[in-house]
Amino acid sequence: MENSRYKFVESFIGKHFTKSPSPFAHWLNGKVIAVKKNSLEFSFVVRKDMTNPVGMLHGGVISGMIDDCMGVTFFTLGLEYFYPSINLQVDFFNPAKEGEEVRVKTQVMKQGKTIINMRAEVYNISGKLLATATSNLAKSNFKIDLQL
């Protein structure tokens with residue numbers, strides 16, 4: 001049986017994830033596409049306020065999308081303590097522009113006692129790879145105390 005946090009995120013499939021405690025996540029306005037064990041997929045629509053001066057999706061916003069999606073993936077694991085990102089390595093391959101839909105797919109690669117390694121792919125709706133990323137999350141002393 002899956003944990004309550006997994007079920008909570010799963011209940012948003014096909015909808016915007018409006019119940020995130022993160023103000024940044026609300027600004028991104030992601031929609032949950034799929035939730036699987038150790039993996040999820042979100043979609044985002046590129047808005048003008050997400051673009052750089054030449055009208056392409058800003059690399060910092062792509063990195064933020066990735067980091068936020070990895071955070072939600074972590075949340076679905078149901079762990080007692082918070083694991084913040086301690087690094088994020090992003091490689092950019094192709095641009096996206098205003099109005100385009102982009103998707104972020106995450107995967108837990110290894111879950112240890114103190115470090116969780118994740119990877120992500122960002123692609124457009126036609127499947128063109130926009131970016132890839134890896135990240136390590138480290139166990140903190142902060143307990144997760146959220147009421148669902």
Side-chain angles (χ1 to χ4, degrees), residues 2-52 55-111 115-125 128-148:
E2 299 297 339
N3 68 63
S4 62
R5 291 190 222 153
Y6 180 96
K7 290 288 188 190
F8 175 74
V9 176
E10 188 179 49
S11 75
F12 283 90
I13 291 175
K15 299 181 248 180
H16 291 277
F17 191 49
T18 57
K19 297 294 183 184
S20 173
S22 165
F24 183 68
H26 290 275
W27 179 79
L28 288 172
N29 196 32
K31 183 186 289 186
V32 180
I33 301 300
V35 181
K36 298 178 182 165
K37 184 178 179 183
N38 297 324
S39 175
L40 62 72
E41 185 173 359
F42 267 69
S43 73
F44 301 89
V45 175
V46 179
R47 302 184 312 266
K48 184 170 184 59
D49 60 343
M50 295 175 161
T51 61
N52 62 22
M56 292 186 291
L57 180 57
H58 192 287
V61 175
I62 293 172
S63 299
M65 289 172 174
I66 291 166
D67 190 60
D68 197 67
C69 290
M70 287 180 173
V72 178
T73 305
F74 159 78
F75 180 75
T76 66
L77 299 176
L79 299 173
E80 181 180 9
Y81 288 91
F82 181 62
Y83 283 60
S85 302
I86 58 171
N87 61 19
L88 179 65
Q89 171 67 43
V90 183
D91 294 306
F92 303 98
F93 301 109
N94 290 292
K97 58 184 188 275
E98 183 180 348
E100 277 191 76
E101 179 182 336
V102 299
R103 295 205 172 177
V104 177
K105 187 182 283 188
T106 62
Q107 178 70 46
V108 174
M109 302 308 293
K110 181 168 179 18
Q111 182 178 339
I115 301 287
I116 297 171
N117 178 267
M118 289 195 200
R119 65 182 254 180
E121 293 182 338
V122 182
Y123 54 95
N124 66 17
I125 200 67
K128 187 178 216 177
L129 186 65
L130 307 179
T132 60
T134 57
S135 182
N136 289 299
L137 292 74
K139 184 177 181 181
S140 73
N141 294 326
F142 298 101
K143 282 193 173 189
I144 298 173
D145 185 29
L146 294 174
Q147 302 300 317
L148 302 180

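- The two residues Phe44 and Asn29 come nearest to each other via the heavy atoms CD2-C, 4.4 Å.
- Between the Asn87 side chain and the Asn136 main chain, a donor and an acceptor come within less than 3.5 Å of each other.
- With contacts defined as side-chain heavy-atom distances shorter than 4.5 Å, the pair Ile66/Val122 qualifies.
- If you take OG on Ser20 and CG on Leu28, they are separated by 9.0 Å, rounding to the nearest 0.5 Å.
- The nearest pair of heavy atoms linking Phe42 to Leu40 is CD1-CD1, 3.3 Å.
- Note on ring orientation: taking the six-membered ring where Trp is involved, the planes of Phe12 and Phe8 are perpendicular (angle over 60°, cut-offs 30° and 60°).
- Side chains of Val72 and Val32 form no contact here, defined as non-hydrogen atoms less than 4.5 Å apart.
- Distance check, rounded to the nearest 0.5 Å: CZ of Phe17 to OG of Ser11 gives 8.0 Å.
- The side-chain contact (heavy atoms from CB on, under 4.5 Å) with Lys105 is formed by just one residue from the set Arg119, Glu41, Lys36; it is Glu41.
- Without hydrogens or angle criteria, Arg5 side chain to Phe74 main chain gives no donor-acceptor distance under 3.5 Å.
- Judged purely by atom type and a 3.5 angstrom limit, Asn38 has no side-chain atom pairing as donor or acceptor with the backbone of Met109.
- The line from CD of Glu100 to CG of Leu130 is 7.5 Å long, rounded to the nearest 0.5 Å.
- Closest of all the heavy-atom pairs between Leu129 and Asn94 is O-ND2, 2.8 Å.
- The structure places CZ of Phe82 at 12.5 Å from CG of Asn141, a figure rounded to the nearest 0.5 Å.
- Nearest approach of Met50 to Val61, heavy atoms of both residues: O-CG2, 3.8 Å.
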Test log, rule side chain to side chain contact (heavy atoms under 4.5 Å, CB included), inputs Lys97 and Met56 | CA-CA 5 Å; Lys97 58 184 188 275; Met56 292 186 291; 5.6 Å; no
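- Rounding to the nearest 0.5 Å places CG of Asn117 at 10.5 Å from CD of Gln107.
- Contact annotation: the side chain of Val102 never approaches that of Tyr123 to less than 4.5 Å [non-hydrogen atoms, C-beta and beyond].
- With Thr106 contributing its side chain and Met70 its backbone, the two residues share no donor-acceptor pair below 3.5 Å.
- The two residues Glu101 and Ser43 come nearest to each other via the heavy atoms OE2-CB, 3.3 Å.
- In terms of heavy atoms, Thr73 sits closest to Ser39 at CG2-N, 4.2 Å.
- A distance-only check finds no donor-acceptor pair linking the side chain of Ser140 to the backbone of Tyr83 [under 3.5 Å].
- Rounding to the nearest 0.5 Å places CZ of Arg103 at 13.5 Å from CD of Glu121.
- Taking 4.5 Å as the limit, some side-chain heavy atom of Gln111 sits within range of a side-chain heavy atom of Leu79.
- A donor-acceptor pair under 3.5 Å links the side-chain atoms of His58 to the main chain of Gly60, judged by distance alone.
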